[in-house]
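Working notes, structure below.
In each ligand, atom 1 is the first atom listed, and ligand 1 is the first ligand listed. Nothing fancy with the numbering, it's 1 onward along the sequence. All figures in this text were calculated on a predicted structure; none of them were measured in a lab.
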Amino acid sequence: MSDAITALAEALAGGVAKVVDLTHRLDPDFPVIVLPPEFGQCARFRMEEVSAYDHRGPAWKWHNLTLNEHTGTHFDAPIHWVSGKDVANGAVDEIPPEAFIGPVVVIDCSEGAGQDDDFELTPEIILEWEATHGTIPDDAWVLMRTDWSKRRGADYLNMREDGAHSPGPTPAAISLLLERGIRGFGTETVGTDAGQGMHYDPPFPAHYLLHGAGKYGLQCLCNLDQLPPTGAMLIAPPLKIKGGTGSPLRVLALIPGD
Ligand SMILES: O=C(O)C(=O)c1ccccc1S
Ligand SMILES: [Mn+2]
């Protein structure tokens, strides 16, 4: 092995580097995005037992699964959004594998999101973060920590009569992140956009601007409070679905050990 790969293996074995799981369990009870009733809806996760060491399969147990590409903790590919429909390598099976391992920074918005369900990540917050932690590195993932993953049941989607109310970025915030050359943007909420994202210009700015620029999204993340603001690596390879717009995946972070 190369020195770097050997060093990584030794760091993991020796606890100098730790692995943090940023993924929710795929569970029939885990919420999925709810769109206005006139639109197609996202399937919840379902498991159907095929056999369990019985007459249907004497020595094996397995299940058939039902889910949407955007069920649970999942990856958004550029072709998911109309703005990214013609992006080169825009489907999950076409994205270069190098994109699935890379640096990650975390912008902690948990205090604001804890006081305002419609909290917005703005350019001012991003610039304030950079004043402390340095300029966002080129080709990094940027994760918006809100601690929304700690919410349970109806509080997670937080639906009211006018739709969902959950935090997210303004169009200007996404534009600034794109100026920094980010690889993608991730959130703890059910979407990379705010619950009221349809009211921005453009509507759903995270989806519209990120995917239009050939960038990626991650949604329904958890444990972002275990990550440092800078200095971690993200491992986020989606399933290799032919022509896929996204996929549920296991998202892991490598962080400095104690
Ligand atoms: O990418 C998603 O899962 C997501 O958030 C979404 C999906 C479809 C329509 C609107 C949105 S906002
Ligand atoms: Mn999605």
Legend entry - Nearest heavy-atom neighbours spanning Thr230 and Val105: CG2-CG1, 4.1 Å

Inset, instruction - Looking only at non-hydrogen atoms, find the nearest pair between Ala91 and Ile79 and report the distance. - result: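 Nearest heavy atoms, Ala91 then Ile79: CB-CD1, 3.7 Å.
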
Within ligand 1, which atoms have a heavy atom of [X] less than 4.0 Å away?
X: Phe204; value: 12 (S)
X: Gly191; value: 5 (O)
X: His70; value: 1 (O), 2 (C), 3 (O)

Legend entry - Parallel, tilted or perpendicular: ring planes of Phe30 versus His24, cut at 30 and 60 degrees: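 Tilted: the ring planes of Phe30 and His24 meet at 30° to 60°.
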
Inset, instruction - Flag yes if more than 12 heavy atoms outside Tyr208 fall under 6.0 Å of its OH atom; otherwise flag no. - result: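 Atom OH in Tyr208 is not packed in, count stays at 12 or less.
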
Legend entry - Within 6.0 angstrom of Arg250 CZ, more than 12 heavy atoms from elsewhere: no

Please list the nearest protein heavy atom to [atom] with its residue and the distance rounded to 0.1 Å.
atom: atom 8 (C) of ligand 1; value: His80 CE1, 4.0 Å
atom: atom 4 (C) of ligand 1; value: His207 NE2, 3.4 Å
atom: atom 2 (C) of ligand 1; value: Gln219 OE1, 3.1 Å

Legend entry - the Mn ion (ligand 2) to nearest N/O/S of Thr245 below 2.8 Å: no

Inset, instruction - Kindly confirm whether the Mn ion (ligand 2) is within less than 2.8 Å of some N/O/S atom in His74? - result: yes

Inset, instruction - Could you tell me whether His74 and ligand 1 have an N or O pair separated by under 3.5 Å? - result: yes

Inset, instruction - Give a yes or no on whether the ring-centroid distance for His211 and Trp81 is below 6.0 angstrom. - result: no

Inset, instruction - Answer yes if the ring centres of Tyr216 and Phe75 are under 6.0 angstrom apart, and no otherwise. - result: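 Yes.
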
Inset, instruction - Name the option, out of Asn68, Thr71, Leu35, Ile33, that contains the heavy atom nearest to atom 9 (C) of ligand 1. - result: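 Result: the heavy atom closest to atom 9 (C) of ligand 1 is in Leu35.
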
Inset, instruction - Considering just N/O/S atoms, say which atom of His70 is closest to the Mn ion (ligand 2). - result: ND1

Legend entry - Asp76, N/O/S atom nearest the Mn ion (ligand 2):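 Output for this pair reads OD1.
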
Legend entry - Side chain, backbone, both or neither: Asp193 near ligand 1, heavy atoms under 4.0 Å: neither

Inset, instruction - Please state which part of Trp81 comes within less than 4.0 Å of ligand 1, counting heavy atoms only: side chain, backbone, both or neither. - result: side chain

Inset, instruction - Starting at CD of Glu188, measure out to CG of Leu221 and round the result to the nearest 0.5 Å. - result: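 One gets 7.5 Å once the value is rounded to the nearest 0.5 Å.
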
Legend entry - Flag side-chain contact, heavy atom, 4.5 Å: Arg145 against Asp225: yes

